[in-house]
Amino acid sequence: MIILLLGFIVSLLPSIALYLWFKGFKSDQLYKDNCKSTFIAGVIAVFPILALSALFALIKVFLLSGVSPFLYAAFHNFIVLALSEELVKYYTGRKTIDRMIGTVSRLDLIVFMGIVGIAFGIAEAIPYAIGASPLVMIIRGVSVGHGVYGMMTGYFLGKIMEGGSKSGLPAILVSWLYHGLYDFGLSDEFSALGDWSAIIPVSLAFGELVLLIVFIVFIRRARNNEKYTAPLFPDAGTAQRP
């Protein structure tokens, strides 16, 4: 029990450190309040996912008992988990950002969507810790997967909003496919294909860690680049955002 608790605490440290780093970017109170708002949005996003997972667990028992376990695992991981999680995180994050006073930059979008992912990952880790091994929890925690998916979404969302597009769906596509493949690769049904199947989730977990480092380096440089720090909506008070 003590080892499990220590593993859980250690798994949260990278996400907490990343959030505090983001929050320290600016000293003004409005920015810090915006960081807090997006963190709360990320925590709230967990609840509809838990409800959806419970609903599909019942559907599987009563309506889909004859479906191939492999096909159901693919559907569950790509649609019920990955797609719904990315859509809910995007929706709650975007709604929170749209309500912010003042304007946001492309860098702000990366940071705020990243915070939504970080908060979602921290809240999700609580029920996930039940029955999980400390090693798996630490591996998931070090890669800060949901934070990386959030920064991906924020990066592409910035490019879309800069061009005036009204649809944020393309911003979700990359993170959804990566997320879905990672979750499916960890499933028992996929692992049953053979020992070689472990290559997929291990490679993707390593890829998440690499992407995390890439984003940290990118953000450090972007903070000194007007292209990423200039307001996307200089007339936000009178104009409607796309």
Side-chain angles (χ1 to χ4, degrees), residues 15 18-19 21-46 48-49 82-121 144-180 208 211-212 214-242:
S15 292
L18 189 59
Y19 171 71
W21 183 56
F22 283 157
K23 194 175 179 181
F25 280 0
K26 300 176 186 179
S27 58
D28 65 280
Q29 190 58 44
L30 177 59
Y31 173 79
K32 294 184 182 300
D33 289 343
N34 288 339
C35 289
K36 205 176 297 183
S37 297
T38 48
F39 190 92
I40 293 172
V43 172
I44 291 173
V46 170
I49 299 302
L83 181 58
S84 61
E85 287 180 7
E86 296 307 321
L87 285 173
V88 170
K89 285 188 295 182
Y90 171 80
Y91 178 80
T92 55
R94 179 71 185 271
K95 285 294 182 182
T96 304
I97 291 170
D98 283 347
R99 289 195 299 267
M100 289 177 180
I101 300 172
T103 59
V104 294
S105 65
R106 286 184 61 181
L107 180 58
D108 289 332
L109 290 175
I110 296 171
V111 168
F112 292 147
M113 292 305 294
I115 289 175
V116 170
I118 288 169
F120 185 95
V144 196
H146 282 291
V148 170
Y149 304 146
M151 288 186 281
M152 280 185 189
T153 301
Y155 176 81
F156 289 108
L157 178 59
K159 294 178 73 68
I160 291 167
M161 295 176 77
E162 188 179 45
S165 172
K166 294 184 179 181
S167 173
L169 189 58
I172 305 169
L173 186 61
V174 176
S175 54
W176 165 50
L177 292 175
Y178 198 107
H179 186 174
E208 284 180 355
L211 284 171
L212 175 62
V214 168
F215 268 115
I216 290 174
V217 173
F218 170 79
I219 290 170
R220 285 175 61 90
R221 294 177 178 175
R223 292 178 66 187
N224 300 314
N225 189 332
E226 189 177 352
K227 175 182 176 181
Y228 293 99
T229 57
L232 277 171
F233 310 103
D235 300 320
T238 57
Q240 184 178 4
R241 296 182 185 182

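As the structure is a computational prediction, the values presented were derived from the model and not from experiment.
Side-chain contact check for F156 versus M113: every heavy-atom pair is 4.5 Å or farther apart. For the pair K26/D108, a side-chain contact is recorded, criterion being any heavy-atom separation below 4.5 Å from C-beta on. Counting heavy atoms from C-beta on, the side chains of Y155 and M151 never come closer than 4.5 Å. Here the side chains of L87 and S84 are not in contact, with every heavy-atom distance at 4.5 Å or above.
For the pair H146 and G117, the tightest heavy-atom approach, listed with the atom from each and the gap, is CB-O, 3.0 Å. Closest of all the heavy-atom pairs between V116 and G93 is CG2-CA, 3.8 Å. In terms of heavy-atom proximity, G24 sits nearest to K32 at CA-NZ, 4.3 Å. Pairing each heavy atom of A41 with each of T96, the nearest pair is CB-OG1, 3.4 Å. Nearest heavy-atom pair, N224 versus R220, reported as atom, atom and distance to 0.1 Å: ND2-O, 3.9 Å. S105 and A230 get closest at one heavy-atom pair: CB-O, 3.3 Å.
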inquiry  = Using side-chain contact (heavy atoms from CB on, under 4.5 Å), reason through Y178 and E86 one step at a time and then give a plain yes or no.
reply    = CA-CA 11 Å; Y178 198 107; E86 296 307 321; over 6 Å; no

message = Let's go through I115 and K23 carefully: what are the C-alpha distance in whole Å and the side-chain angles of both, what is the deciding distance for side-chain contact (heavy atoms from CB on, under 4.5 Å) to 0.1 Å, and is it a yes or a no?
response = CA-CA 9 Å; I115 289 175; K23 194 175 179 181; 6.0 Å; no

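Side-chain atoms of N34 and S37 include no donor-acceptor pair closer than 3.5 Å. Counting only N and O atoms by type, the side chains of T153 and S175 include a donor and acceptor under 3.5 Å apart.
Note that NZ of K36 and CG of D33 are 5.5 Å apart. Values are rounded to the nearest 0.5 Å. Atom-to-atom distance recorded for L173:CG and L83:CG is 9.5 Å, nearest 0.5 angstrom. In this structure, M161 CE and R106 CZ are separated by 11.5 Å, a value rounded to the nearest 0.5 Å. Atom CD1 of I172 sits about 12.5 Å away from atom OH of Y91, to the nearest 0.5 Å. Within the model, atoms CD1 of I118 and CG of L18 stand 4.0 Å from one another, a figure rounded to the nearest 0.5 Å. Interatomic distance, I97 CD1 to R99 CZ, rounded to the nearest 0.5 Å: 10.5 Å.
When the shell of 6.0 Å around CD of Q29 is examined, it contains more than 12 heavy atoms from other residues, nucleotides or ligands.
Ring-plane geometry between F25 and Y31 is classed as parallel, the angle between the planes falling under 30 degrees on a 0 to 90 degree scale with a further cut at 60.
Paired with F22 under the rule side-chain contact (heavy atoms from CB on, under 4.5 Å), one option of T38, I219, I110 passes, and it is I219.
Here the two rings, on Y149 and F120, have centers that are 6.0 Å apart or farther.
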